[in-house]
Amino acid sequence: MNIVIIGCGLIGRKRAAALSDDDILVACCDTDQNVLKKFADDFNCKPFSNYSDMIKEISFDIAIVSVVNKFAKEIIIKLLESHHHVLAEKPLGRNYDEAKDIYDCAVKKGMKIKTGFNHRFHPGIWKAKEILDNNEIGKVINIRSRYGHGGRPGMEKEWRASKDLCGGGELLDQGVHIIDLIRWFGGDITEVFGTTETKFWNMDVEDNAFAILKTTEDVTASFHVSWTNWKNIFSFEIFGTEGYIRIEGLGGSYGIEILEIGKRKKEGGVPDIENYEFPTNDVSWVNEWNEFKLSIEENRDSIGSGYDGLKANEVIAAIYDSHKLKKVVIID
Ligand SMILES: NC(=O)c1ccc[n+]([C@@H]2O[C@H](COP(=O)([O-])OP(=O)(O)OC[C@H]3O[C@@H](n4cnc5c(N)ncnc54)[C@H](O)[C@@H]3O)[C@@H](O)[C@H]2O)c1
């Protein structure tokens with residue numbers, strides 16, 4: 001397939017490195033000339049500083065959009081309208097309304113839209129889904145998660161720290177992955193109570209968020225996401241009627257990815273515990289990309305689809321509302 005990448009920063013490079021041998025990266029686009037030149041040289045593709053020119057001049061099948069959030073919606077909609085499939089980095093637009101416009105456009109044009117939810121494709125998370133689907137820990141009762149890092153000097157000047165450029169803070173940045181995973185393991189979210197706060201970084205978006213959520217499957221979930229977690233953390237725990245799963249780490253600075261499964265003993269006491277380690281390089285980008293291509297071939301929704309991106313943004317909007325109103329918000 002012929003591929004283009006719009007937004008050649010950190011994630012654009014990860015996406016380019018995850019393409020398969022049978023993909024041809026035909027063009028790339030970035031508004032920063034230095035970033036664009038280096039990317040085009042490194043990945044041997046035609047550079048464009050304007051995505052409209054690229055759409056006019058180049059023939060391609062799938063576009064990967066990994067730009068600063070503010071500019072994503074307009075670009076994704078132009079790509080869908082010109083009959084291209086799109087893998088759009090999370091979050092799907094800066095808020096629910098932007099996600100809805102994107103999703104509706106994809107449906108109207110009959111094109112595939114995938115949200116960049118690579119966390120579903122981390123080996124620990126993927127294995128947890130298999131364990132759950134094999135009914136090894138029974139029916140899910142509740143989920144508990146923590147995700148965060150401690151920022152970096154100058155972070156308050158980055159685009160992520162701007163409400164206008166990003167759309168939100170840590171709730172939207174890392175929280176969106178956790179909300180997506182809670183939906184995947186626990187069902188659609190119907191009730192939220194949440195609070196957001198800016199406690200340390202001098203920025204107009206939140207650096208911490210806490211939420212309690214309830215789902216259609218009668219699962220209660222809680223999470224805390226943080227930019228003041230001075231030592232990086234990823235922790236996701238699922239408790240079922242017959243046991244539990246604990247996933248920690250995502251590799252790199254988050255520590256080796258591990259999965260622990262504990263099976264409850266009828267007589268009580270310490271459960272039967274098994275441990276798995278996934279010390280490989282981060283395979284989530286390659287696995288997500290291959291799944292997206294397969295979903296196009298099979299003409300079905302991808303795992304971590306545009307719809308999933310829309311639903312995650314709906315939950316985020318409800319958490320912001322809950323914080324403002326100081327009460328539980330129901331999602332119809
Ligand atoms: N899946 C994940 O885990 C994950 C992790 C980090 C970031 N992201 C997402 O990826 C996206 C990019 O993040 P990043 O960390 O790579 O940021 P980045 O700042 O490294 O890269 C963004 C690039 O977009 C370019 N850009 C901005 N406006 C543009 C436009 N109109 N046209 C073309 N290029 C434009 C910038 O010049 C920059 O090079 C964001 O949406 C972010 O939320 C996803």
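Each ligand, and each atom within it, is numbered from 1 in the order the structure gives.
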Leu10-ligand 1 polar pair, N/O distance under 3.5 Å | yes
Using heavy-atom distances, let me know which of Leu172, Asn50, Thr31, Asp30 sits nearest atom 30 (C) of ligand 1.
-> Thr31
Decide whether an N or O pair under 3.5 Å exists between Val35 and ligand 1.
-> no
For Asn118, take its heavy atoms, then give the atoms of ligand 1 lying under 4.0 Å from any of them.
-> 1 (N), 2 (C), 3 (O)
Show which atoms of ligand 1 fall inside a sub-4.0 Å distance from at least one heavy-atom site of Gly9.
-> 16 (O), 20 (O), 21 (O), 23 (C), 39 (O)
Against heavy atoms of His119, which atoms of ligand 1 measure under 4.0 Å?
-> 3 (O)
Does Lys114 count as lying over the ring of Tyr103, i.e. NZ or CZ under 6.0 Å from the six-ring centre, within 45 degrees of the axis?
-> no
Validation row, ring centre Tyr147 to ring centre Tyr254 under 6.0 Å | yes
Evaluating non-hydrogen atoms only, which member of Met54, Arg13, Glu288, Lys90 is closest to atom 4 (C) of ligand 1?
-> Lys90
Angle class for the Phe185/Phe236 ring planes (parallel below 30°, perpendicular above 60°, tilted otherwise)?
-> tilted
Determine, for Asp180 against Lys90, whether the closest basic-nitrogen to carboxylate-oxygen distance falls under 4.0 angstrom.
-> no
Salt-bridge present (Glu288, Arg15; N to O < 4.0 Å) = yes
What residue and heavy atom of the protein are closest to atom 16 (O) of ligand 1, and at what distance?
-> Ile11 N, 2.9 Å
Closest heavy-atom approach to atom 11 (C) of ligand 1 among Ile5, Asp282, Val67, Val176 is made by Val67
For atom 15 (O) of ligand 1, which candidate among Arg94, Arg160, Glu158, Lys70 provides the closest heavy atom?
-> Arg160
In terms of its nearest heavy atom to atom 13 (O) of ligand 1, the top option of Tyr51, Trp159, Trp285 is Trp159
N or O contact, Arg15 vs ligand 1, cut-off under 3.5 Å = no
Atom 10 (O) of ligand 1: of Gln33, Glu74, Glu89, the nearest heavy atom sits on Glu89
Taking the minimum heavy-atom distance to atom 27 (C) of ligand 1, which of Leu165, Val68, Asp173 ranks first?
-> Val68
Quick one: does NZ or CZ of Lys127 land under 6.0 Å from the six-membered ring centre of Tyr276, within 45 degrees of the ring axis?
-> yes
Would you kindly check if the NZ (Lys) or CZ (Arg) of Lys70 is within the cone defined by 45 degrees around the ring axis of Trp159 and under 6.0 Å from the six-membered ring centre?
-> no
Verify whether the ring centers belonging to Trp230 and Phe200 lie closer than 6.0 Å.
-> yes
